[in-house]
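Accompanying notes for the structure given below.
All heavy atoms count here, side chains included; hydrogens, waters and symmetry mates do not. The structure presented is a predicted model; accordingly, all values stated were derived computationally and were not measured. Just so you know, ligand 1 is whichever comes first in the structure, and atom 1 is the first atom listed for that ligand.
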Amino acid sequence: MSHILLIYHKDSKLYEEILSKRLPELTIRPASRPEEAIDFIEEAEIILSWKIPDELLKKAKHLKWFASLGAGNEHLIHNPYIPEYVLFTKVTVYGEMMAEYVFAYLLYFARDLSKYFLDQRHKIWEQRRPERLRGKVLGILGLGSVGKEIANRGRQFGMSVLGVKRNPESVENVDQVFSSKDLGKMIPLVDYLINTLPLTTETYHLLGEKEVGLMKEGAILFNIGRGKTVDEKALPRALRSRKIKAILDVFEEEPLSPESELWDMENVIVTPHVSGINLPEEICEEFVKNYERWVKAQPLAGLVERSKGY
Ligand code: OXD
């Protein structure tokens, strides 16, 4: 008998198109609004979604596997309609894309690209010595699938790689792993501080004025994890008083309010939560592999650890 998958997402038709070719044996119901899902929610064994109204989810009486379309699932982790006996997986394919985002900006600054664009406009021929990434110190907060991919790229660029992990065991491509309580020891050592942390009760406002104040002059802070892991009210103050830069892709409230000072600060780059964006082909590839495991009752990849909160 065919298993039933409900895809609840604004691009559900696109996901359906890809998955129906890859998994023709699966019955797929795409929906982007509650009224399109209401007739199928009860029979769905698998739901592929990230934001789904509780009113719908609570009707999923046959749900066996909730396959999230997101990497961070803080809004779903305690949802009573995804009980413990339902398998709950997250997306783990964002690492490469998010590492590309980080290195795009590291290279942009190291090679002085904004200045060369301007020079070209003004027909100025002026050579400047670039900074090298080789030998620089990368500090990564969170060594999950994203942090590990950034560490791997950092290693390829010849950087020293430090990291913070809840449980500070050794991690490939990371020279030294610090525990979260030793965060303050790592921050002053790094040239680039990359925050990839998920939002949990432990990571809420983990980076505040004090921590940002520990960054060395010229260092760059990235936030590509969750906005609420950084105390955003304290950030402009810290950024005004220190010669550091911040590349911010996530914010406490999204979209970032037009009133926020962050938009106009010269040492801040704001992007609209795009470091890791759903690419349906890549997400479907991961889903197909997991589906093949699921039908054979094998352990799934990317299981959310509810007790840890991610
Ligand atoms: C995610 C996201 O998937 O932030 O967690 O987009």
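Of all the heavy atoms in I4 and R29, the pair that sits closest is CG2-CG, 4.3 Å. The minimum heavy-atom distance between S170 and V177, with the atom names listed, is CA-CG2, 4.2 Å.
Of the N or O atoms in W50, none lie within a sub-3.5 Å distance of an N or O in ligand 1. When only interatomic distances are considered, the shortest N/O to N/O separation between G72 and ligand 1 falls below 3.5 Å.
F66 and F88 have perpendicular rings, their planes meeting at more than 60° on a 0 to 90° scale where under 30° would count as parallel.
At least one heavy atom of R226 sits closer than 4.0 Å to an atom of ligand 1.
Atoms of ligand 1 lying under 4.0 Å from at least one heavy atom of H273, given by number and element, are 2 (C), 4 (O), 6 (O). Using a 4.0 Å cut-off to heavy atoms of A71, the atoms of ligand 1 that qualify are 1 (C), 3 (O), 5 (O). Close approach to Y94 involves these atoms of ligand 1, each under 4.0 Å from a residue heavy atom: 3 (O).
Between E172 and R155 there is no salt bridge, since no side-chain nitrogen of the basic residue lies less than 4.0 Å from a carboxylate oxygen of the acidic one.
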task: Apply side-chain hydrogen bond (donor to acceptor under 3.5 Å, both in side chains) to the pair E45 and H3, showing each step before the final yes or no.
output: CA-CA 7 Å; E45 291 162 275; H3 293 294; 3.0 Å; yes
